[in-house]
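Here the structure comes first, spelled out in structure tokens, and everything after it is commentary.
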Amino acid sequence: MRKEITVPDIGNFKDVQVIEIFVKIGDTIKKDDPLITLESDKAAMEIPATESGVIQSLSVKIGDKISEGSSILTLEISSEEKNVGWDANPNNSLDLQSNLQETPIKPITVPDIGNFKGVQLIEIFVKAGDTVKKDDPLVTLESDKAAMEIPCPESGIIQSLSVKIGDKVSQGDVLAMILSSDAALPVPPPSRAPEPVKTQTVEKTEIKTPPQPVKVDHSRQIPHAGPAVRKMAREFGVDLSKVKGTGIRNRILKEDIQLFVKTELSKPSAPITTGGSFSLPEMPIVDFSQFGEIEQKTFSRIKKLSGPALHRSWLHIPHVTQFDDADITDLEEFRKSLQSEGEKRKIKLTLLAFLMKASVSALKTYPDFNASLSPDKESLIMKKYFHLGFAADTPNGLVVPVVRNVDQKSLFDLAAEIGQLSQKARDGKLTTNEMQGGCFTISSLGGVGGTAFTPIINAPEVAILGVSKSQMKPVWQKDQFVPRLILPLSLSYDHRVIDGAQAARFTTYLSFILADVRRLLI
Ligand code: CAO
């Protein structure tokens, strides 16, 4: 059986614009499914299906102006479907807030909503103090037949709300008090809210608050969307303010929500998240070939592994870098004095061996640096061993071999081991075991150059010592400048574990030891 669905009683409205159509020919719909949204200058109304069935033809298109009785569509309904009509009442009173008072603070009342009474309020879009523009959505009402958005009848500042979600309201009930933007007289701040009113209109005489100047904030944006679209957005957890509306006057349509959800889902997930509350924004993909000739070079296996590890550490650990200078004039003299012995042993006694020894002394003095954070991040795992890593620059990328038990080895033994591990690193022959278990890392760029840098902590360690190129510098001693060999130190530390003062003490101590390595014997 075919049945025509027409526009029901929509109050006093005539020639109301169709701004949304939710269905198409062939759709199977159920009774109460939203069919179209109509929008007048006073309200947006969703017209639901009065029957279940299959849509045979549509009589309206977006932009059409229709009135009560206009055909919306024809429906093929199965014979057992009962005919449930719109609860129309042609004798309805249709005054739409026509008698708003002259006082600047006015009540906003429920306009003519057809035959409905005691309709539930399901959404409130404003609060006291909000600056609103005419036609901004104020509340949504939902009966068993339709959901209706009630817009602001004028621009102004909401003084108080007279309703709350769940209240049942009828035509004429006060929803809110508004200070009309037409008013321009001085007044004190918004008065106490009137008692919530459910079924009474507010008398003009009740409004005693003097007028106040009005500034209308046009930047305030409430997404323009019908109740069904808002419901859909709620179901999908979509923030409507992020959705671009493609309907009339940028109204958000169901298709816009679908497209938004599809786009969000198709975005590649960020590589690092912290408990779902934060994710890194994606970097834009740039086609560099549009600017000139390019060639793509694939990363080495080491670089593919070290990159994410460095990134992870940088993102997870709050890094701070403490800079200091160490006077290594005497240390260098001592090191050179051992050169001939080193040649005999075929060992190159490098600065790095001394730095390792001095670092172990500093780690013993400040044990929090020889530790890792527990997985729950509520305690420190203190290490009683002293395995030190050193960053090695190789043709295939950065690796960090680890020298074990540095505290138990002589300078020559350390220098020999550093030499062997460096060679293995350059040959790409380090074993996994030789690259794990470190407590603290030294990254020396002294052989390359530079004055300071901010090394990234080799997690789960809590600090890393960066060493730059030593230089002869004039140092004020007693009453004159004297030339001294100065080594720049850059200590990056995990600020969750180490305080700034502790870090400064650590580098001060390290400089003190490096200035006179005989102290290592004490
Ligand atoms: N200041 C001045 N000169 C220094 C110096 C310093 N701090 N450190 C080393 N030098 C000198 C050495 O004395 C040596 O000179 P000679 O050959 O005249 O004796 C020269 O620089 C080369 O030293 P080296 O770098 O080969 O030896 P090393 O033991 O100091 O370092 C190693 C070994 C493996 C750390 C080094 O080869 C290396 O790979 N460094 C790079 C580390 C790196 O990339 N760090 C950055 C990590 S974060 O991206």
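What you see is a predicted model; the values in this text were computed from it and never measured. Order of listing sets the numbers, starting from 1, for every ligand and every atom in it.
There is no protein heavy atom closer than 4.0 angstrom to atom 18 (O) of ligand 1. Distances from atom 3 (N) of ligand 1 to the protein include at least one heavy-atom value under 4.0 Å. Counting only heavy atoms, the protein never gets under 4.0 Å from atom 24 (P) of ligand 1. Distance remark: protein heavy atom not present below 4.0 angstrom from atom 36 (C) of ligand 1. The protein does not reach atom 12 (C) of ligand 1 closely, with no heavy atom under 4.0 angstrom from it.
With hydrogens and angles left out, the side-chain atoms of Ser372 and Lys383 include a donor and acceptor closer than 3.5 Å. Side chains of Asp376 and Ser374: a donor on one and an acceptor on the other come within 3.5 Å. Between the side chains of Ser361 and Tyr509, a donor-acceptor pair is found at a separation under 3.5 Å. No side-chain donor from either of Thr394 and Asn396 sits under 3.5 Å from a side-chain acceptor of the other.
Between Asp330 and Arg335 there is no salt bridge, since none of the side-chain N atoms of the basic residue sits less than 4.0 Å from a carboxylate O of the acidic one. Here Asp427 does not pair with Lys424 in a salt bridge; the nearest charged N to carboxylate O distance is not below 4.0 Å. Salt bridge Arg230/Glu149: present, at least one basic N to carboxylate O contact under 4.0 Å. Comment: Lys254 does not engage Glu20 in a salt bridge, judged by the lack of any side-chain N to carboxylate O separation of less than 4.0 angstrom. One finds no salt bridge joining Lys344 and Glu341 here, because no Lys/Arg side-chain nitrogen approaches an Asp/Glu carboxylate oxygen to under 4.0 Å.
A cation-pi arrangement is absent between Lys242 and Phe260, since the terminal nitrogen or guanidinium carbon is not both under 6.0 Å from the aromatic centre and inside a 45° cone about the axis. Geometric assessment of Arg345 against the ring of Phe412 yields a positive cation-pi assignment under the 6.0 Å and 45° thresholds.
Ranking protein heavy atoms by distance to atom 49 (O) of ligand 1, first place goes to Leu398 CD2, 4.1 Å. Remark: minimum distance from atom 15 (O) of ligand 1 to any protein heavy atom is reached at Lys348 NZ, 4.5 Å. Protein heavy atom in closest approach to atom 6 (C) of ligand 1: Gly446 CA, 3.3 Å. In this structure, atom 45 (N) of ligand 1 lies nearest to the protein heavy atom Ser443 OG, 2.9 Å. Ranking the protein heavy atoms by distance from atom 21 (O) of ligand 1 puts Gly447 CA, 3.2 Å first. Ranking protein heavy atoms by distance to atom 1 (N) of ligand 1, first place goes to Ser470 N, 2.8 Å. Scanning the protein heavy atoms around atom 41 (C) of ligand 1, the nearest turns out to be Ser444 O, 3.2 Å. With respect to atom 7 (N) of ligand 1, the closest heavy atom belonging to the protein is Ser468 O, 3.0 Å.
Looking at Val448 against ligand 1, nothing comes within 4.0 Å, counting heavy atoms. Contact annotation for Ser422 and ligand 1: only side-chain heavy atoms (C-beta onward) come within less than 4.0 Å of the ligand. Of the heavy atoms in Gln471, none comes closer than 4.0 Å to ligand 1. With a heavy-atom cut-off of 4.0 Å, Thr350 touches ligand 1 through its side chain alone.
On a distance-only criterion, Lys469 and ligand 1 share no N/O pair closer than 3.5 Å.
The aromatic rings of Phe354 and Phe334 sit perpendicular to each other, their planes meeting at more than 60°, with 30° as the lower class boundary. In this pair, Trp314 and His319 present their aromatic rings tilted. The plane angle is within the 30 to 60° band.
Atoms of ligand 1 lying under 4.0 Å from any heavy atom of Leu487, numbered from 1 in the order shown and given with element: 7 (N). Every atom of ligand 1 is numbered from 1 in the order shown, and the set under 4.0 Å from a heavy atom of Leu445 is 43 (C), 44 (O), 45 (N), 46 (C). Annotation for ligand 1: atoms under 4.0 Å from non-hydrogen atoms of Ala392 are 39 (O). Under a 4.0 Å criterion applied to the non-hydrogen atoms of Leu352, ligand 1 contributes the atoms 29 (O), 35 (C).
Among Leu485, Asp393, Leu489, Ile442, the residue whose heavy atom lies closest to atom 44 (O) of ligand 1 is Asp393.
Taking the side chain as every heavy atom from C-beta outward, Ser162 and Leu175 never approach each other to under 4.5 Å.
Outside the 6.0 Å centre-distance limit, the rings of Phe369 and Tyr493 are not counted as a close aromatic pair.
Within the 4.0 Å heavy-atom cutoff, Pro455 does not count among the residues contacting ligand 1. At least one heavy atom of Arg335 sits closer than 4.0 Å to an atom of ligand 1.
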